[in-house]
Amino acid sequence: MYEENQSTFKFKGIILKILLILILTFIIIWLFPTKDYVSNLINQKLGTSTEQVFNNNVNTMKNAALSYYTGSRLPQKNGDTAKLTLKEMLDENLLIEFTDSKGKKCNTKESYVEITKNKEDYKMKVNLVCSDKEAYIVSYIGLYDYCADGVCEKKKLTETEDSKEPQPTANECKFVKTSGGYYTNYSHWSNWTPNKINKTNTRDVQTKTEKVQTGTTTVKTGTTTSKSNPKKITYSNGAVVYECSSQYDNAGRYTSPKYCIKTTDKYEQKAVYKMQTYYRYRDRKYVSGTTDYKWDSCDNTELTKKGYIKTGETR
């Protein structure tokens, strides 16, 4: 009986020791946190965590793009896109160079801001590639009623904001439809002319090259040879000589008769030609596009089917 009580006492002692060890371990961990915990806590307090630095850099790019994309810099047609890399933003002095949470520079070529034209506003994508993180955000910008100057970011209304002041219900919306310009058919071809004519968007030009005579020239085509009898001269002493005058090729005096030879060049007139380019043209006209505005119910789907879109104005 005594031995049983002693065994039970020993077993309870072992259990008690285990519990004490677990309690001490928990207290040590609680009093002395891990290195990663301390580091994360410091980063959180100082705002230098990976997420915070990355978010700050993305917002910096977004704000710089909002100040840059105004007026003619915005895409003009639906679906058109304008893109600005981080390098171009730095070159334009839109922002100063920043680093990620590891102190390294972000990729200036793969990081960019992209603006795409929608029917009523613009979609803005900010893509940032750094050594510690790579991600992008998407927001919408436009000429909203609450924009202070130029385009601004679209507000996300919360339930609280909605309940502060009920928004009046619009009876009608303003719609707009823009018809693109077009070119008319070409006219008939003009007569050919040697005067140079340049091709344009409204003028079509054809050319041809022909060989034309510009005048004549004298050209030597060869020689002709003629023969004449020499002049006979008899002296007082009875001597006889034969003479060819200086107009002959063999001019001189000879003791025996021989022909006097004269060579004459032969010429003829030949035509002179050149290659001449001729032009002819035909014209067409460009008819500018038209813009049509209509006020109608904001829910009118028939107008949208016909190509009308809302301008954002209501009454």
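Basis for what follows: all heavy atoms, side chains included, without hydrogens, waters or symmetry-related copies.
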Look at atom [atom1] of [X] and say whether more than 12 heavy atoms of other residues, nucleotides or ligands are closer to it than 6.0 Å.
X: Leu22; atom1: CG; result: yes
X: Lys262; atom1: NZ; result: no
X: Tyr259; atom1: OH; result: no
X: Tyr293; atom1: OH; result: no
X: Lys109; atom1: NZ; result: no

Starting from [Y], can I reach [X] by hopping between I/L/V/M/F/W/Y residues whose side chains sit under 4.5 Å apart?
X: Val58; Y: Val113; value: yes
X: Tyr68; Y: Leu95; value: yes
X: Ile137; Y: Phe54; value: yes
X: Leu84; Y: Leu86; value: yes

Measure the shortest side-chain to side-chain distance between [X] and [Y] over non-hydrogen atoms and say whether it is less than 4.5 angstrom.
X: Tyr69; Y: Met124; value: no
X: Thr311; Y: Phe175; value: no
X: Ile115; Y: Leu74; value: yes
X: Asp91; Y: Lys87; value: yes
X: Met61; Y: Phe98; value: yes
X: Lys310; Y: Cys298; value: yes
X: Tyr279; Y: Gln206; value: no
X: Lys266; Y: Glu268; value: no

Fill in: Six-ring centre of Tyr140, Lys123 cation under 6.0 angstrom, axis tolerance 45°
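Relative to the ring axis of Tyr140, which defines the angle, Lys123 lies outside at least one limit.
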Do any N or O atoms from the side chain of [X] and from the backbone of [Y] form a donor-acceptor pair under 3.5 angstrom?
X: Asp80; Y: Gln76; answer: no
X: Thr255; Y: Val241; answer: no
X: Thr216; Y: Gln269; answer: no
X: Glu88; Y: Thr85; answer: yes
X: Ser131; Y: Lys104; answer: no
X: Asp100; Y: Lys133; answer: no
X: Arg203; Y: Arg284; answer: no

Item to complete: List the steps, then state whether side chain to side chain contact (heavy atoms under 4.5 Å, CB included) holds for Cys260 with Lys227.
Response: CA-CA 6 Å; Cys260 297; Lys227 296 180 180 179; over 6 Å; no
[atom1] of [X] to [atom2] of [Y]: how many Å apart, nearest 0.5 Å?
X: Leu94; Y: Asn63; atom1: CG; atom2: CG; result: 12.0 Å
X: Lys119; Y: Tyr308; atom1: NZ; atom2: OH; result: 14.0 Å
X: Asn59; Y: Leu128; atom1: CG; atom2: CG; result: 10.5 Å
X: Thr81; Y: Tyr122; atom1: OG1; atom2: OH; result: 12.0 Å
X: Lys199; Y: Thr207; atom1: NZ; atom2: OG1; result: 10.5 Å
X: Glu97; Y: Thr108; atom1: CD; atom2: OG1; result: 7.5 Å

Which atom pair, heavy atoms only, marks the closest approach of [X] to [Y]?
X: Ile197; Y: Val205; value: O-CG1, 3.7 Å
X: Tyr278; Y: Pro194; value: CD2-N, 3.8 Å
X: Thr214; Y: Lys274; value: CG2-CG, 3.6 Å
X: Ser246; Y: Ala251; value: CA-CB, 3.6 Å
X: Thr99; Y: Lys105; value: CG2-N, 4.3 Å
X: Trp295; Y: Glu313; value: CZ3-O, 3.9 Å

Can you tell whether the side chains of [X] and [Y] come within less than 4.0 Å, N to carboxylate O?
X: Lys177; Y: Asp292; value: no
X: Arg282; Y: Asp204; value: yes
X: Lys102; Y: Asp132; value: no
X: Glu243; Y: Lys232; value: no

Discussion item. Pair Arg253, Tyr242 - check side chain to side chain contact (heavy atoms under 4.5 Å, CB included), show working.
Written reply: CA-CA 5 Å; Arg253 290 183 176 183; Tyr242 301 91; over 6 Å; no
Worksheet item: Can you name the one residue among Asp249, Asn250, Asn229 that meets side chain to side chain contact (heavy atoms under 4.5 Å, CB included) with Cys244?
Response: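 Result for side chain to side chain contact (heavy atoms under 4.5 Å, CB included) with Cys244: Asn250.
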Discussion item. If we count only N and O atoms by modelled type, under 3.5 Å, do the side chains of Thr193 and Asn195 hold a donor and an acceptor together?
Written reply: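 Checked: Thr193/Asn195 side chains pair up, N/O donor to acceptor below 3.5 Å.
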Practice prompt. Scan side-chain atoms only and decide if Ser187 and Asp283 contain a donor-acceptor pair under the 3.5 Å cut-off.
Written response: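 Side-chain D/A pair, Ser187 to Asp283: absent.
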Discussion item. Please determine whether side chain to side chain contact (heavy atoms under 4.5 Å, CB included) holds for the pair Lys154 and Tyr144, giving the CA-CA distance in whole Å, both sets of side-chain angles, and the decisive distance to 0.1 Å.
Written reply: CA-CA 7 Å; Lys154 188 175 184 179; Tyr144 306 116; 3.4 Å; yes
Item to complete: Give a yes or no on whether the ring-centroid distance for Tyr286 and Tyr183 is below 6.0 angstrom.
Response: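 When the ring centroids of Tyr286 and Tyr183 are compared, they turn out to be within the sub-6.0 Å range.
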Practice prompt. Show your working on side chain to side chain contact (heavy atoms under 4.5 Å, CB included) between Thr225 and Ile261 and close with a plain yes or no.
Written response: CA-CA 7 Å; Thr225 303; Ile261 300 173; 3.5 Å; yes
